[in-house]
Amino acid sequence: MKMSVRRSGTFLLQTSPHSHLVASSRFRSLTTETKQGDYPSPTQTQLPKDQKLTDIVDEICKITRTKPRWENTLLSQYPSFNFSDPNFFLLYLNHQNNSFLSLRFLHWLSSHCSFSPDQSSCNVLFDALVDAEACKAAKSLLDYPGFTPKPASLESYIRCLINGGMVEDALDVFVTLKKVGFLPSVSTFNASLLACLKVGRTDLVWTLYERMLESGIVASIDVETVGYLIKAFCAENKVFNGYELLRQVLDKGLCPDNTVFNSLIAGFCKERQYTRVSEILHIMIAMKCNPDIYTYQEVINGLFKRKNAEGFRVFNDLKDRGYFPDRVMYTTVIKGLCDIGLLGEARKLWFEMIQKGLVPNEYTYNVMVYGYFKIGDLVEARKLYEDMCGRGYSENAVSYTTMISGLCLHGRTDEALSLFREMSEKGVACDLIIYNSLIKGLCQKGKLVKATDLLNELLVKGLEPSVSSFTPLIKRLCEVGDTEGAMRLLKDMHDRHLEPIAGTHDYIIIGLCKEGNFVQGMEWLLNMLSWKLKPKEQTFEHLIDSLLQEDRLDDILVVLDLMFREGYRLKESIIHSLVCKFSKENLHLPNLCLEELV
DNA sequence: ATAGGGTTAG
């Protein structure tokens with residue numbers, strides 16, 4: 001392939017007979033962009049003294065560790081290259097399959113000598129960057145004043161952005177295109193919807209869908225689009241809306257992808273609407289959209305996750321019908337069985353899968369180790385863990401977490417801590433979950449100092465703490481009578497915009513009561529209720545107990561009323577002390593209250 | 001594409 005460049009500004013490419021074999025799309029865009037007459041006149045860029053463009057590019061090459069290639073190519077083959085025009089260089093570098101170098105060069109020029117690239121150089125470079133999936137680099141090019149890519153390039157840019165997960169930027173581009181009256185294809189819209197789902201931005205799914213409706217593309221909206229909408233509903237826990245949408249699609253004689261059905265199944269499992277789950281399965285079969293391994297995986301997983309032993313039945317049914325579960329399904333069922341306390345059955349499956357030639361992997365080992373910990377068989381858990389390590393599965397944060405939290409569960413915090421140290425020695429990154437597990441374990445063992453140290457350590461490491469980093473500490477602090485310390489942590493949570501779980505407030509209230517601070521305890525209880533949080537029965541009991549000791553009979557009546565409204569009843573021992581107290585004070589419990597007591 | 005860690009809960 002030969003390239004001839006003339007000083008006049010025309011930039012032509014002569015292709016050799018075999019060039020079509022090597023022509024990349026990047027190259028094609030170069031040829032289209034540089035048609036005769038299309039190329040602008042050289043810019044008058046003032047370079048810093050004694051600097052040649054070649055030197056600059058050489059310099060950038062050094063920084064970016066790229067090889068400059070012009071000695072052999074540019075200088076020998078293109079003697080007529082216009083060395084004073086940066087735009088030529090841009091195109092040339094780009095043509096050398098080095099759009100990044102080209103971009104660096106462009107940035108250098110514009111920051112050092114107020115160079116502004118011409119439209120066609122930018123176009124070519126932009127397309128090349130988009131082609132190379134370099135969405136951030138392409139985006140930086142858009143900052144050049146006056147540069148407006150062609151609509152088709154922008155549509156490709158959308159694809160590039162969504163592949164890089166930059167969905168928000170992609171949505172902005174849709175707006176830009178709308179302004180110039182360009183309508184992207186349905187497939188671009190669809191791909192963007194999918195990308196929004198992947199990054200968990202269902203809000204953007206709806207925004208984009210609105211854009212689709214506004215754009216007039218509505219007639220060509222297809223079953224794929226609707227599938228994404230259904231999935232968005234499922235992701236937002238509005239499964240029923242998704243289901244209704246499914247019904248509409250089916251009525252039109254269209255049938256969505258299996259994955260759409262699977263999402264609905266997962267959603268209905270989450271809501272424990274198992275009749276709907278089976279209805280979906282029947283629809284699938286009726287539509288000849290046969291449930292696949294992923295579907296059954298979803299069903300079984302969905303059932304087990306809700307501790308529903310039906311999952312095991314479905315699994316056995318499948319086997320009876322000659323279905324061959326894969327390793328994933330075995331792992332799921334083993335985990336489910338461990339969760340509902342059927343370790344024996346889990347063990348049977350472990351051997352069954354091995355017998356069938358399915359080799360347990362790190363997932364399988366992990367759930368089995370978890371299972372042994374759950375029933376308190378620490379010896380077997382360790383044995384299996386070592387077996388797993390022997391197979392090279394050890395070095396990961398998840399298996400360490402399983403071990404560490406398993407050991408903590410049985411009070412073996414020293415062993416857990418030594419594993420924790422081993423992790424860092426082996427260079428396995430400690431993440432938040434590991435810290436949280438240790439904090440919880442240490443708090444349960446009463447080792448508050450060490451637990452607090454770990455909280456600080458994770459903060460120093462720059463990890464973002466979560467609600468579970470604080471909860472056990474607050475609980476323990478309240479239990480040992482340091483409610484003030486607990487409240488400081490609560491304030492810390494608040495400052496970090498972490499919403500405590502309801503139980504945390506219960507600990508605080510009980511802590512306050514134990515300190516005799518019933519006034520604040522009562523205030524806190526009222527706050528809790530105003531936040532629509534349900535206090536625990538115990539919390540009411542502690543409060544009543546504390547009020548009893550202070551003879552706050554009026555307050556007790558208030559608390560009793562609130563307690564009954566939450567649907568709780570009084571324990572006999574409390575009734576007894578209440579009756580004693582009220583009769584001693586020569587007071588009568590109001591009738592209403594008495595009725596509720598009995 | 002599907003599975004694994006903590007969070008709830010004695």
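A note on names: the letters A, B, ... follow the listed sequences, proteins ahead of strands, and every chain is numbered from 1. The structure presented is a predicted model; accordingly, all values stated were derived computationally and were not measured.
As rounded to whole Å, 15 Å separates atom P of B/dT2 from atom CZ of A/R327. As rounded to whole Å, 15 Å separates atom C1' of B/dG4 from atom CE of A/M403. At whole-Å resolution of the value, CZ in A/F304 and C1' in B/dG4 are 16 Å apart. A straight line from CG of A/D326 to C1' of B/dA3 spans 9 Å, rounded to a whole angstrom. For the pair A/M353 CE and B/dA3 C1', the computed distance is 11 Å after rounding to whole Å. Atoms OH (A/Y294) and P (B/dA1) sit 8 Å apart, rounded to a whole Å. A straight line from CG of A/D257 to P of B/dA1 spans 12 Å, rounded to a whole angstrom. A/I293 has its CD1 atom 12 Å from the C1' atom of B/dA1, to the nearest Å.
Between A/E279 and A/R247 there is a salt bridge, with a side-chain nitrogen of the basic residue lying less than 4.0 Å from a carboxylate oxygen of the acidic one. Ionic pairing of A/D545 and A/K514 is not present here: no N-O contact between side-chain nitrogen and carboxylate oxygen is shorter than 4.0 angstrom. Contact check on A/K383 versus A/D387 returns no salt bridge, with no Lys/Arg side-chain nitrogen under 4.0 Å from an Asp/Glu carboxylate oxygen. Salt bridge A/E155/A/R159: absent, no basic N to carboxylate O contact under 4.0 Å.
Checked against the 6.0 Å centroid criterion, the rings of A/F315 and A/Y330 qualify as a close aromatic pair. Between A/Y294 and A/F261, a ring centre-to-centre spacing not shorter than 6.0 Å is recorded.
Separation of the P atoms belonging to B/dG6 and B/dG10 is 15 Å when rounded to the nearest angstrom.
Residues A/N301 and A/T332 have side chains that never bring a donor and an acceptor to within less than 3.5 angstrom of each other.
When heavy atoms are screened at a 4.0 angstrom cut-off, A/E298 is found touching no nucleic acid atom at all. If you check every strand for non-hydrogen atoms under 4.0 Å, A/N258 touches nothing. Nucleic acid contact class of A/T259 (heavy atoms, under 4.0 Å, all strands): base.
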For nucleotides 5-10 of chain B, 5' to 3', base contacts (B), sugar-phosphate-only contacts (S) and non-contacts (-) with protein non-hydrogen atoms under 4.0 Å give BBBSB-

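Side-chain N/O atoms of A/N361 and base N/O atoms of B/dA3 include a donor-acceptor pair closer than 3.5 Å.
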